[in-house]
S.K.: 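Here it is: the structure, laid out below.
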Amino acid sequence: MRWPALLLAMIWTAQADAAPAGLTPGMPVPQFSRPDFAGNLVEMSAYRGKVVLIDFWASWCAPCLVEMPHLIHLQNRYRSRGLRVIGISMDDSAGAAKAVVGRFPFNYPLLLGDTKLGLRFGGILGLPEEMLVGRDGKILHVWRGEIPAASIDAAVKAATG
């Protein structure tokens, strides 16, 4: 892992429950439209009425890779209750991000983010970062850094009722 990335990961781990500047629970989720790695268009507006867990990650982020199997499990467990997970890679290149695809049995769309998209979400400065969006399109929770799986589980369970 590169030193700047390690330093950022350590800083954001200490602030795991902090929301990004300017983006807080109760606000509408930023809208976006991007192709996923399979070439399908992912539009945030199409998820209205669903509970959405957005996962910002990168191929070089060890905590991101550790939590991916859990996100896959959550998608399986709560899909019938309306949960949809979206993974957004903040890698600098699509090649690095796509190399992760074969490592896990993903059951949710993965797409490539960039600085512009990150800024729409309040600035993605540390990874992983997750955001839970309610059926009404409003942000319920924002987590930065490595967080206990139980925190996400409880929030997803409550949101999918």
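Residues: numbered from 1 along the sequence shown. Nothing here was measured: the structure is a model prediction, and the numbers come from that model.
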S.K.: Hey, are the side chains of Thr24 and Ile139 touching, using non-hydrogen atoms and a 4.5 Å cut-off?
M.R.: no

S.K.: Tell me, do Arg77 and Leu74 make a side-chain contact under 4.5 Å, heavy atoms counted?
M.R.: no

S.K.: In terms of hydrophobic clusters joined by side-chain contacts under 4.5 Å, are Phe104 and Leu53 together?
M.R.: yes

S.K.: When the side chains of residues 152-161 are checked against the rest of the protein, which donor-acceptor pairs come out under 3.5 Å, sequence neighbours left out?
M.R.:
residue: Asp153; atom: OD1; partner: His70; partner atom: NE2; Å: 2.5
residue: Thr160; atom: OG1; partner: Val156; partner atom: O; Å: 2.9
residue: Thr160; atom: OG1; partner: Lys157; partner atom: O; Å: 3.4

S.K.: Using the salt bridge (Lys or Arg N to Asp or Glu O under 4.0 Å) rule, collect all pairs that involve residues 55-67, keeping only residues at least two apart or in two chains.
M.R.: none

S.K.: In the structure I gave you, are the side-chain heavy atoms of Met90 and Leu127 within less than 4.5 Å of one another anywhere?
M.R.: yes

S.K.: If you measure from CD on Glu130 to SG on Cys64, what distance do you get to the nearest 0.5 Å?
M.R.: 7.5 Å

S.K.: Which residues pass the ring-ring contact (aromatic ring centres under 6.0 Å, His included) test with Tyr47, not counting sequence neighbours?
M.R.: none

S.K.: Not counting sequence neighbours, list each pair that qualifies as a side-chain hydrogen bond (donor to acceptor under 3.5 Å, both in side chains) and has a residue in residues 98-121.
M.R.: Arg34-Asp114, Asn76-Asn107

S.K.: Cut-off 3.5 Å, no hydrogens considered: what does the side-chain donor-acceptor table look like for residues 35-46, sequence neighbours left out?
M.R.:
residue: Asp36; atom: OD1; partner: Ala38; partner atom: N; Å: 2.9
residue: Asp36; atom: OD1; partner: Gly39; partner atom: N; Å: 3.0
residue: Asp36; atom: OD1; partner: Asn40; partner atom: N; Å: 2.8

S.K.: Counting C-beta onward and ignoring hydrogens, is there a side-chain heavy-atom pair between Leu132 and Val51 closer than 4.5 Å?
M.R.: yes

S.K.: For residues Met131 and Met27: do they belong to one hydrophobic cluster (side chain heavy atoms under 4.5 Å, members Ile, Leu, Val, Met, Phe, Trp, Tyr)?
M.R.: yes

S.K.: If you define the side chain from C-beta out and look only at heavy atoms, does anything of Leu71 sit under 4.5 Å from Phe106?
M.R.: no

S.K.: Under a 4.5 Å side-chain heavy-atom rule over Ile, Leu, Val, Met, Phe, Trp and Tyr, are Val66 and Trp57 clustered together?
M.R.: no

S.K.: So Phe121 and Phe56, would you call those rings parallel, tilted or perpendicular, with 30° and 60° as cut-offs?
M.R.: perpendicular

S.K.: Between the side chains of Ser93 and Asp91, is a donor N or O closer than 3.5 angstrom to an acceptor N or O?
M.R.: no

S.K.: Quick one: side chain to side chain donor-acceptor pair (under 3.5 Å) partners of Arg79, sequence neighbours excluded?
M.R.: none

S.K.: Where the side chain of Arg84 meets the backbone of Lys50, is there a donor-acceptor pair that is under 3.5 Å apart?
M.R.: no

